[in-house]
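Comments concern the structure below.
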Amino acid sequence: MADRIREKMNQLRLEADESAAKVEELQAKVKALEQENLAKEQEITSLSHKNGLLEAENEKMDTTIKDLKKTADEGLQHGTHNETLQRRLQLLEEEAEEADKTLRETNEKLRQTDVKAGHFERKVQALENERDQWETKYEDMSKKYQDLKKELEDLQNEIGNI
């Protein structure tokens, strides 16, 4: 009987130790995912800032293109000057197209990063839930261990009194 109780206590200790190790492992995973999530959020912030700069640059170029087109229309009588303005306009339009392309790429990266951040947040939540379950199991096992330990002491006291 005493051997069975000892064996049961040893088994509960092992389960408690395994549960504690699993909790530590899950906490380490949660911490790693939180750090990764922070890095993704910083990347989102950086991309958002870059996006804003590109949008401002794009608006500036659009304004410049409009101004150059207006100037080109007014300067038709000046042939060489008009050709120069047309070349400049073409260059600015190409730059604007490149800026639009960069803006689209940045927006796509931002969207992908948002998707990844959401995925990691769900992953962190799932791991936190799993950790909570393990902690609850650990607490239950610890309580059972204490109850069995007390039961064993009571049994030993009864045997001692006999």
Give a yes or no on whether the backbone of Gln42 and the side-chain of Ser46 come within a donor-acceptor separation of less than 3.5 Å. no
Asn161 side chain to Asn157 backbone, donor-acceptor under 3.5 Å: yes
Between atom [atom1] of [X] and atom [atom2] of [Y], what is the distance when rounded to the nearest 0.5 Å?
X	Y	atom1	atom2	answer
Glu93	Asp100	CD	CG	11.5 Å
Ser48	Asp114	OG	CG	7.5 Å
Glu55	Asp62	CD	CG	11.5 Å
Arg122	Leu33	CZ	CG	12.5 Å
Arg104	Thr102	CZ	OG1	8.5 Å
Glu153	Glu158	CD	CD	12.5 Å

Shortest non-hydrogen contact from [X] toward [Y]:
X	Y	answer
Lys40	Phe120	CE-CE1, 4.1 Å
Ile65	Ala96	CD1-CB, 3.9 Å
Glu34	Val124	N-CG2, 4.3 Å
Arg6	Asp3	NH1-OD1, 3.1 Å

Would you say the side chain of [Y] lies within less than 4.5 Å of the side chain of [X], judging by non-hydrogen atoms?
X	Y	result
Glu98	Lys101	yes
Lys70	Lys66	no
Gln27	Lys31	no
Glu18	Lys22	no
Glu36	Lys116	no
Glu151	Leu155	no
Thr106	Leu110	no
Leu54	Lys50	yes

Test: side chain to side chain donor-acceptor pair (under 3.5 Å). Region: residues 130-139. Which pairs qualify, not counting sequence neighbours? none
Just one of Lys150, Lys149, Lys143, Lys144 clears the salt bridge (charged side-chain N to carboxylate O under 4.0 Å, His left out) bar with Asp147, so which one? Lys143
Linked, directly or transitively: [X] and [Y] (ILVMFWY side chains, under 4.5 Å):
X	Y	result
Leu103	Met61	no
Ile159	Leu148	yes
Met141	Ile5	yes

Is it the case that atom CD in Glu94 sees more than 12 heavy atoms from other parts of the structure closer than 6.0 Å? yes
Using a distance-only test with no angle check, is there a side-chain donor-acceptor pair under 3.5 angstrom linking Gln112 and Glu108? yes
Does the side chain of Asn10 come under 3.5 Å of the side chain of Arg13 through a donor N or O and an acceptor N or O? yes
